[in-house]
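Values reported hereafter were calculated over all heavy atoms of this structure, with side chains retained and with hydrogens, waters and symmetry mates removed. Note that the coordinates shown come from a computational prediction; the quantities given were computed from them, not determined experimentally. In the text below, chain A, chain B and the rest are named by the order of the sequence lines, each starting its count at 1.
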Number of protein chains: 4
Amino acid sequence: MDKATRTRPTGAARSPAKAPGRPRSDATRQSVLRAAFELLTEGGLARFTIEGVAARSGVARTTIYRWWPKKGALAMEGFLEATAPEIRFPKTTSAVADMKAQLRLCAKLLRGRAGRIICGVIVEGQTDPETIAAFIEGYLQPRRREARAILQRGIDSGEMRPDLDMSALLSALYSPMHLRLLLGEPIDDAWVDSLADTVLQGCLATPTAPAQVRTAAPPRSA
Amino acid sequence: MDKATRTRPTGAARSPAKAPGRPRSDATRQSVLRAAFELLTEGGLARFTIEGVAARSGVARTTIYRWWPKKGALAMEGFLEATAPEIRFPKTTSAVADMKAQLRLCAKLLRGRAGRIICGVIVEGQTDPETIAAFIEGYLQPRRREARAILQRGIDSGEMRPDLDMSALLSALYSPMHLRLLLGEPIDDAWVDSLADTVLQGCLATPTAPAQVRTAAPPRSA
Amino acid sequence: MDKATRTRPTGAARSPAKAPGRPRSDATRQSVLRAAFELLTEGGLARFTIEGVAARSGVARTTIYRWWPKKGALAMEGFLEATAPEIRFPKTTSAVADMKAQLRLCAKLLRGRAGRIICGVIVEGQTDPETIAAFIEGYLQPRRREARAILQRGIDSGEMRPDLDMSALLSALYSPMHLRLLLGEPIDDAWVDSLADTVLQGCLATPTAPAQVRTAAPPRSA
Amino acid sequence: MDKATRTRPTGAARSPAKAPGRPRSDATRQSVLRAAFELLTEGGLARFTIEGVAARSGVARTTIYRWWPKKGALAMEGFLEATAPEIRFPKTTSAVADMKAQLRLCAKLLRGRAGRIICGVIVEGQTDPETIAAFIEGYLQPRRREARAILQRGIDSGEMRPDLDMSALLSALYSPMHLRLLLGEPIDDAWVDSLADTVLQGCLATPTAPAQVRTAAPPRSA
DNA sequence: TCTTAAACGAGACGGTACGTCGGGTCTTGTG
DNA sequence: CACAAGACCCGACGTACCGTCTCGTTTAAGA
């Protein structure tokens, strides 16, 4: 497809040199993405309309269609553009603690403006598989990779069981807050913590009483 | 408004006697619900349109608007009408086994036509809180109540820890499959089982090695 | 076709009684036609746009499309609505005089606002045969019928040759002014007169010198 | 603008020598004209689009705009390029016969591909006076000049009246077929002949019964 | 049996957004 | 310079649904 030619954001266009014709305006691209992000944030989904984005961004409707033939793609790209670098968290010696920290960060993200956008992306994705793919690829996977690394560190240090089913575990930890988001239920840190405790309590190398999980110290010795 | 007067399905119309004028036609109601269900099932969301429902059911658009002012309400009611009595499962002596059985049943439901509708309901719910409420109330809660009962039996029998955070646990068990549904990922029984094992392994009264969880016999003796 | 059902203007709807549903609003119809006529008159063709008509008339675009799926039909109907009763002329004893009188009236019409609309209709008709048909049927034919009657009177009174090729004659008399209209050339009465003289001079029962045609008295006696 | 500088086709570029920069490509010009002619011929007006011409000719849209700022100009030039030398007809001793011959030739032209283009030109001309001017200048005038010459020969030879109103006569002879063209009505030779007979019967020096016009021999002697 | 009041079918209507087409202008090249 | 390529803005197109609004016609239950 010529999609690779046109959608520049992905990857490094290894053909650095010429593309014939007038080059794509980056100012245009950004103002569209910003407008999309804002509309999604403010009016959430109902107000998120190509027409609206065009109006607010001052970009012609046709231009928007040229680059984002699907609304979902636009939402997703606007989302990534605006929130990509937000998730960073400190690493401690305890995998459980790290895990919880990341979960809390993610929860915070969902509580904020990004939450509305994720809902929008998922909704759009119901009609368009590519949007879902972009969502999984661009948002879920990175988070999962990071989480996987944390758990691996836990295993390596002996804090966590070595026979963890990571995939299942990650689902159990991350899905609930996304579903709550979609259902409009609050996602506060206390709830996240208790979920983490409940799920992680069976994953420690040294089984403990649930109360102890909460303080989850790196296991013995050290 | 006198919605209570008009929306009959909810609750027992305690005024059993008179309503002046022509009574509501049940045939009409049912053919609308059936049409809605079918459209949602076939075309999923994109095809689910008041106009379409009217056309297929042969009911006037106005009539539909009279009884279901929100599309989500229509979807939800059509869903319940068609799938309400589907979830039944045998009870064994093992809470873990029962839990897994119910999860598998639920997964089967989501794999089927009902899955598409649930997506539809959630999507509509993004715009309309009442739809979400009806979804939680009419679909999620019953399932949760049942699951709670199972877990309680497990606690009573000594199979499960008495200090379970049931709410968190249920989220961990049920959310992942709903999210997978929304993301278009497959929900097979094996995946459901491994999720259940992972989550439940920390909930047993007698901590076990993960492998053992799978066979999870009732702890006998005690 | 159900066109007969929908397009009311033609003939007397002999089914006087019921049509189900909300009846068509005549106010709407008229304000659309008026707007169309005005736009065509003012901006002539370039400004004549469904969008423009909708804006000026205050009628929804969809409503316009419902009743006039072709722009030409709208133009034509607006034209007839506004100018139908305009062509009336006195009858004298001389067929030649009557003919010239009608030609002058027609020329006056073309010089006025109606002229622009006729151009519009013909232009639209290039894309849509129905528009052309409506134009011929609704505008040209009536004029031709009237002219035929005049000529017939001339023949009956002995003023004109009995072997006239009426069809050809009418073309020769009427086409030039329409073509001039389309070419933006002026259509003044003197020009019309000289055309009539030139064409009619060969049609008299008593051939005359061209100068005499102008005064063309009924040949009396015989 | 320096249109005079740019539009070369008209007149002899009296600066015979060099113009700075790359010279205009004649191949380009011709392939544009050809494409325009073809499109106009095939799809007639609806398909005749700058974009389409660019696509078919393989010439960049900008280049087309540079040389033919109006669509009508393009149509007209393409038309002349393709059909200019087509109208030639033999001269006989009878002006009436010559006239009819030329009319038939013209009718044939209109029946063919050129007819569609003339319609296109006239349509475009409704928006742009220059196109109309070019049409009159480039197509109508030459034909009229030729016809005028024929009639003059007729007068000189005594076949036709000396007091003819040539301008009116030409209108009466030529307009009808052009109008028929625009109205989509057929223009067959028989029709053309009967029109000519009707119009010309009053123009002969020796008035005749209509039947005689048809054989219209040069009057004198015999 | 005859009101009477609501349910119901039909469809016009004003809207909003859609996705597309074409028209022009501009901004980059390259020849 | 001419030309190719193509991004961009713009206006209009015709369509799909939406939700509201008039109508006329059932259809029971209460007078």
Side-chain angles (χ1 to χ4, degrees), chain A residues 6 17-29 46 48-55 58-67 69-71, chain B residues 5-6 17-25 27-29 46 48-55 58-67 69-71, chain C residues 6 17-29 46 48-55 58-67 69-71, chain D residues 6 18-25 27-29 46 48-52 54 58-67 69-71:
Chain A
R6 281 159 69 184
K18 59 6 190 10
R22 177 173 171 178
R24 177 173 180 187
S25 151
D26 201 62
T28 291
R29 175 174 172 273
F48 177 57
T49 222
I50 298 285
E51 203 133 317
V53 173
V59 168
R61 226 140 48 80
T62 35
T63 301
I64 300 182
Y65 281 117
R66 170 154 39 226
W67 299 108
K70 297 284 184 182
K71 262 204 316 192
Chain B
T5 316
R6 279 158 67 184
K18 41 72 175 322
R22 176 175 174 179
R24 177 174 181 187
S25 151
T28 291
R29 175 174 172 274
F48 176 57
T49 229
I50 297 283
E51 204 134 313
V53 173
V59 168
R61 273 194 4 259
T62 1
T63 303
I64 300 181
Y65 280 117
R66 171 150 41 223
W67 301 107
K70 296 284 182 180
K71 260 202 324 189
Chain C
R6 280 159 69 184
K18 74 325 201 33
R22 177 173 172 178
R24 178 172 180 187
S25 151
D26 200 63
T28 291
R29 173 173 173 275
F48 176 57
T49 218
I50 297 284
E51 200 131 319
V53 174
V59 167
R61 224 141 49 82
T62 39
T63 299
I64 300 181
Y65 280 117
R66 170 153 38 227
W67 299 108
K70 297 283 183 185
K71 263 205 314 193
Chain D
R6 281 156 66 184
K18 42 73 171 319
R22 175 174 171 179
R24 177 173 182 188
S25 150
T28 291
R29 174 173 173 276
F48 176 57
T49 228
I50 297 283
E51 204 136 313
V59 168
R61 282 208 338 276
T62 6
T63 302
I64 299 182
Y65 281 118
R66 171 154 37 227
W67 301 108
K70 295 283 182 184
K71 257 197 333 184

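Comparing Gly58(B) and Phe48(D) along DNA chain E, the residue whose closest nucleotide (by nearest heavy atom) sits nearer the 5' end is Gly58(B). Where Ser25(D) and Pro23(C) each meet DNA chain F at their nearest nucleotide, the meeting point lying more 5' is that of Ser25(D).
Evaluation of atom-type donor-acceptor distances gives a pair under 3.5 Å for the side chain of Arg61(B) against the base of dG19(F).
Considering only the side chain of Val59(B), dG9(E) comes nearest among dG9(E), dC8(E), dT28(E). Nearest to the side chain of Glu51(B), among dC17(F), dA4(F), dC18(E), sits dC17(F). For Thr28(A), whose side chain is taken as the heavy atoms from C-beta onward, the closest listed nucleotide among dC8(F), dC18(E), dA7(E) is dC8(F). Nearest nucleotide to the Arg66(A) side chain, out of dC18(E), dA4(F), dA7(F): dA7(F).
Using a 4.0 Å heavy-atom distance criterion, Pro69(A) is classed as making no nucleic acid contact. Counting non-hydrogen atoms under 4.0 angstrom, Gly52(A) reaches nothing in the nucleic acid. Using a 4.0 Å heavy-atom criterion, one finds that Lys70(D) contacts no nucleic acid atom at all.
Look at Thr49(B) and you won't find any side-chain N or O under 4.0 angstrom from OP1 or OP2 of dA16(F). Taking only side-chain nitrogens and oxygens, Thr62(B) never comes nearer than 4.0 Å to OP1 or OP2 of dC21(F). OP1 or OP2 of dC13(E) sits under 4.0 Å from a side-chain N or O of Trp67(C). Close to dC9(F), at under 4.0 Å from its OP1 or OP2, lies a side-chain N or O of Thr63(A). Contact annotation: Lys71(B) side-chain N/O to dC18(F) OP1/OP2 distance is under 4.0 Å.
With sequence neighbours left out, the salt bridge (Lys or Arg N to Asp or Glu O under 4.0 Å) criterion links Arg61(A) to Glu51(A). Here Lys70(D) pairs with nothing under the salt bridge (Lys or Arg N to Asp or Glu O under 4.0 Å) rule; sequence neighbours left out.
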Distances under 3.5 Å between protein N/O atoms and the N/O atoms of nucleotides 29-31 of chain E, please, pair by pair.
none

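Between Ile64(C) atom CD1 and dT16(E) atom C1' the separation is 16 Å, expressed in whole Å. Whole-Å rounding puts the Tyr65(B) OH to dC8(E) C1' distance at 16 Å. Between the P atom of dT25(E) and the CD1 atom of Ile50(D) lies a distance of 11 Å, rounded to the nearest Å.
The line from CD1 of Ile64(B) to OG1 of Thr28(B) is 9.5 Å long, rounded to the nearest 0.5 Å.
In this structure, Arg29(B) forms no cation-pi arrangement with Trp67(B), as its terminal cationic atom is not both closer than 6.0 Å to the ring centre and no more than 45° off the ring axis.
Within the 4.5 Å cutoff, side-chain heavy atoms of Phe48(A) are placed close to those of Lys71(A).
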